[in-house]
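Heads up, the thing below is written out as C-alpha cells.
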There are 2 protein chains.
Amino acid sequence: MLHRASTSSFRRLFSSGSTLAPRNATPETLDKLRALLGDRLSTGAAVRQQHGTDESYHTAPPPDAVAFVNSTEEVSKVLKICNDSKTPVIPFGAGSSLEGHISAVCGGISLDLTGMNSILNIEPENMSCRVQGGVQRLQLEAALRATGLFFPVDPGADATLGGMVATNASGTTTVRYGNMKANVLALTAVLPNGNVIRTGSKARKSSAGYDLTRLLIGSEGTLAVVTEVELRLHGVPEAQRIAVCSFPSIQQAVDTCTCIMQMGIPVARMELMDHNTIAATNKYSKLHNHVSPSLVIELNGTTEEIDHQTAMVEALIADFEVQHVEWATSTEERHELMKARHAAWYATLNMVPNSRGLSTDVCVPLSNLTQVIVDTQADLEASNLIGNIVGHVGDGNFHVMLPFLPTDYDRIRDFSDRLIERALAAGGTCTGEHGIGLGKMKYLEQEHGDAIDVMRSIKLALDPNAILNPGKLF
Amino acid sequence: MLHRASTSSFRRLFSSGSTLAPRNATPETLDKLRALLGDRLSTGAAVRQQHGTDESYHTAPPPDAVAFVNSTEEVSKVLKICNDSKTPVIPFGAGSSLEGHISAVCGGISLDLTGMNSILNIEPENMSCRVQGGVQRLQLEAALRATGLFFPVDPGADATLGGMVATNASGTTTVRYGNMKANVLALTAVLPNGNVIRTGSKARKSSAGYDLTRLLIGSEGTLAVVTEVELRLHGVPEAQRIAVCSFPSIQQAVDTCTCIMQMGIPVARMELMDHNTIAATNKYSKLHNHVSPSLVIELNGTTEEIDHQTAMVEALIADFEVQHVEWATSTEERHELMKARHAAWYATLNMVPNSRGLSTDVCVPLSNLTQVIVDTQADLEASNLIGNIVGHVGDGNFHVMLPFLPTDYDRIRDFSDRLIERALAAGGTCTGEHGIGLGKMKYLEQEHGDAIDVMRSIKLALDPNAILNPGKLF
C-alpha cells in the first residue's frame, strides 16, 4: 500500500520546484498515441493523478496522459511518436520511488509498464531468468518458489524489476548478494528514437565493449526505457537464522557491524534500528522489542555453516556488551523478528498525523560509519527533530526517516543538507540506493563536480531531444 | 617475462590490419611534449618498439614517441597537447594485453604510466586502498601482505591496475570475489580534453548518477586515461585448500564444475585444464600430473568451513567418477599444485618453436558450458589444430590457447570464428576478460548489433577528436 496523503499545503510547498519550460503533449501527439493504443491511452484525471504521485514527499503536475503499453514494440512506437514531437516520456512502474522520479515536472506522457509483467523464461541450470520490466518483486519471488532459486535484491517496496534497474536498487540482502549491478546480466531497452538494443548476455561476465547494462542501471529512466531484464539467481540456502541484538549504545551496535564485516563473516542481512525506530515499531505493530539500538543479523548457509557463524557472532557481540539477543531459525519466528524492520517506514509516518516522510540515504565508508551515525543522531537531537534511523549498515548505508508537516520542511531540509555534507566529507555518497530524482540534484553536483559534465554529455548523446524523464538527475 | 618473438613473417601478416588514416605526431607536438617532459619523452627506436608490442600475436607500427608521465597533472597536460593537435594517445601499462591494445595503428604517442606506481593509501578499516594506475598487481600484493587483506583480481599476468581497469580484468578468483567491476570503488581519470574527473566514492555502493566508474572499466583506454584507482580489499582467509581432480572425460570435469556452482559451494577458484594442457605443462615444468581432464578447486574460509566444503566436494566429484584427487593445504603444496595452471600459456607456446599464441576468450552460460567445451574440443581435433583448453569454468569462461606459425593463421582464425559463433548461439560473449582490442572488433558487432551505435555515440561524446586509443574496440 502506498502512502498517498497529499494536502494542499504539501502541494504548494513542492509543486513549483521545477524551472523547466513546460512541454506538454499536443493534441496531435495524443491523437497519434491513441491511434496506436486505443483506450490504453488514458487522459482521465484520476489515472493521471495516480501516475503523478509516488511514495516521496514530492508533488508535481500530473502527466498529460498515461500510455499503458504491452510490448517492447509498443514502447518503441510510443517513443518514436514522442521523440518526433519532443514530448517528455516518464517511465512508470510500481510508483514506489522515494525521490519523485515519476513526477511530470514539465508535462508529457507517463509510460506505464505494469502491463508488461510476464516472466519470460526461468533457466535453473544457468541460475538465471528473464522477465519483462513490469514484473514485480513479490510476483517473481512466487514464480521462483518451486525452483530452489531466488532473486536476492530486496528494496523493501514491491517495486517492478524495471524500476529497480532505474534506481540501482539494493536493500537488506545487498551485504551478501550485491545490488542490481551485481545481479543483472542483460537488458532489453528502447532508446528515445525507438531503436531497441540488447545489452550484456546470459554469461556471468564479459569484457565486450562499453558496459551499457551498468550504464542504464541507475540512470533513473533518463537514457532508455528498460523493457526486459535478465537476472542472476541464487540458490535458496539450506538454512537461515536471524538474531536481533540490543546494545547499550548505537556506537556499540555499529562497531559490532563493522567488526563483523572486517572479519569477513558472510552475513546475509545486517540491519540497524535505533531506539526510536524500535519504539515506533513497537507501538505501530504491537511488538515488544527491547527499546535500545539493535542489529538484525541474518545468516544463510548449510546448518553446519550457520552453526559455525552463530558461534563467531555470539563471541563478537559479547565483546560489544550486547544486552539481549533473540535467535530464530523457523520461518515463522524469523518473520516475527523481521516485523519491526519491515514496518519501520509506516511506523515512522504514523508518529506525526498527516505527515509526509523524507528519507535520507547516505552511504559512507565502513571505517567512518560509526562516527557519521553518532554525529547524525546528535544532530537530530540538537535540532529537536523527530527522526528514526535504520540502515543496511553492512554496506555503510543508512536512512534517517523524517516524518514532517509543511511547516517543518526547511528544518528537515537543513538537517538533510548537513547529513550529506557529513557523508561526503567522510568519503561517501549522497544516495546509496534511492537515486537522485528530484530531491538530490544539488547534491549530485556537490558529489561529482566535473564528472557531471560527462554525465550530461552522455545524456545528450543518447537523448538529444531530452524526452526521457526530464528534470530528474540533472 | 613477456613473450616477444616477432618474425618478419608475423609482421607481414598483421601489420596491415588497420584501415585508419595515419595521424602521426607532428614535430610541433613532439616539441611541446618535450618542453613538458624533457627526456621523459623518448623517440628512441628500442623504446618505441617495446611500446608497440604486447603479449598478443598482433603487430603494428610502433608509436611515434613514448611519454613517461609521473602525475595526473602531467597526464592532463599531455592530453591537452595531443587533443589540440588530434594526435592519438595510447595508454601503456605492463604491456600484457592479449588483444593488441597498445598498438599504434595510426601513429601517435604511447603514454607510459608505469612511473605512476605509488600506493597512495591503505585503509584497513574500510577494507580499501588507493593506488596510482601504474601500480602492478604483485607490487600491491606485497604491500598488502602485512595487513591481513588482499586484492583478489588475478588475471595471471603481472598487469598494472590501470590496465586491469581498461580490460575489466578477471581471472582465477573471480568465481568467488568478482571481477574489476565488483572490486573497484572509484577512479581518477583524465578526459581527452585534459579535464580530471573523479568517479564513485569510498562507499561500497551508490545510486548517484550514471555509473562512470563501470563505464570506464572495460573501455580499453578509449574514453579516458585512468590515473588512480580505489580498490575494495578482502580479508585473507584463515585457511586455503586446493584439490586437483582428474576425470575420465572433459564432460565429467565440466559437469562437476556446473554442479558445484549450482549447489552454491563458495569455491575460491575453479579452473579447468584439458589433457593436452596437462601434458604440455608436465613437459614444460617437469611435473608429473595425471594426463587427463582436470579441475583445480580452491576453498577459502575458516578451517571448519573448508573442512565442511571439502566433504561436499569429495561427495560430488565421486558422483562424476573422479579418477584421482590430490589435496593440499600448506602454502608450498598449494603452489606446487598450481604450477601447471600458471605455466599453461608458456607451456603451450613452447609446443611449437617460433610460434605466437592466439588465445580465445569466450564466456557462456553455465547451462551450456559442457556442450560448448565438448563441441570445441571436437572441432579442435577435426581441424587438426594444436590447442590447449584452460578455463575459469566456474564463471563459464574458457580459453583455447593456440600456438601457431604464420602459415596456420587462416585455419586458427576460422576455428576462432566458429568458437565465437558457438558461444554467441549459446547466449554467451566473445570475450570474458581479455577485451576486444584489435582482434575481436568484428565479433563485437556480431554480439551487440545496434547497441554498438550507442557505444559509438558515447565515444564521440567523450572523445570527439578520437585521440584515445583509436582503432581499438570499433
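Predicted model only: the values in this text are computed from it and were never measured. Excluded from the calculations below are hydrogen atoms, water molecules and symmetry mates; all remaining heavy atoms, backbone and side chain alike, are included. Every chain is numbered from 1, with letters handed out A, B, ... down the list of sequences.
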Specify which of [options] makes the most heavy-atom pairs with chain A at under 4.5 Å.
options                                    : answer
Gln262(B), Arg214(B), Lys459(B), Met263(B) : Gln262(B)
Leu369(B), Val196(B), Leu223(B)            : Leu223(B)
Asp361(B), Val364(B), Asn179(B)            : Val364(B)
Gly218(B), Gly435(B), Gly235(B)            : Gly435(B)

Most chain B-contacting option - heavy-atom pairs closer than 4.5 Å, from [options]:
options                                    : value
Thr213(A), Thr222(A), Leu216(A)            : Thr222(A)
Lys181(A), His234(A), His434(A), Glu123(A) : Lys181(A)
Asn195(A), Leu233(A), Asp395(A)            : Asp395(A)
Gly148(A), Gly396(A), Cys363(A), Gly449(A) : Cys363(A)
Gly432(A), Ser170(A), Ala451(A)            : Gly432(A)
Arg198(A), Glu305(A), Lys440(A)            : Glu305(A)

**OP:** Determine the minimum heavy-atom distance between Gly428(A) and Ser201(B), stating which atoms define it.
**Re:** O-CB, 3.7 Å
Original post:
Taking all atoms of both residues into account, what is the closest heavy-atom pair of Ala208(B) and Thr429(A), and its distance?
Top reply: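 Looks like CB-OG1, 3.6 Å.
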Subject >> Side-chain (Ser207(A)) to main-chain (Asn168(B)) donor-acceptor, under 3.5 angstrom >> reply: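 Flag set: sc Ser207(A) to bb Asn168(B) pair under 3.5 Å.
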Original post:
If only atom types and distance count, is the side chain of Glu220(B) paired as donor or acceptor with the main-chain N or O of Gly209(A) below 3.5 Å?
Top reply: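 The answer is no, because no donor-acceptor pair under 3.5 Å joins these two groups.
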Less than 4.5 Å to any heavy atom of chain A: does that hold for the side chain of [X], its backbone, both, or neither?
X         : value
Ser128(B) : neither
Tyr443(B) : neither
Val362(B) : neither
Met312(B) : side chain
Leu149(B) : neither
Gln309(B) : side chain
Leu444(B) : side chain

Any heavy-atom pair between the side chains of [Y] and [X] that's under 4.5 Å?
X         : Y         : result
Thr258(A) : Glu125(B) : no
Ser457(A) : Leu462(B) : yes
His392(B) : Arg204(A) : no
Met127(B) : Ser367(A) : no
Ile197(B) : Asp453(A) : no
Asp211(B) : Ile217(A) : no
Ser206(A) : Glu447(B) : yes
Asn397(A) : Lys205(B) : yes

Subject >> The single option from Val454(B), Ile452(B), Leu473(B) passing side-chain contact (heavy atoms from CB on, under 4.5 Å) against Tyr210(A) >> reply: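 It is Leu473(B), the one option of Val454(B), Ile452(B), Leu473(B) that forms the side-chain contact (heavy atoms from CB on, under 4.5 Å) with Tyr210(A).
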Original post:
Between His308(A) and Thr302(B), do the side chains contain an N or O donor and an N or O acceptor separated by less than 3.5 Å?
Top reply: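 Yes, side-chain donor-acceptor contact under 3.5 Å.
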Original post:
Once you round to the nearest 0.5 Å, how far does CG of Asp307(A) lie from CD of Glu304(B)?
Top reply: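 One gets 11.5 Å once the value is rounded to the nearest 0.5 Å.
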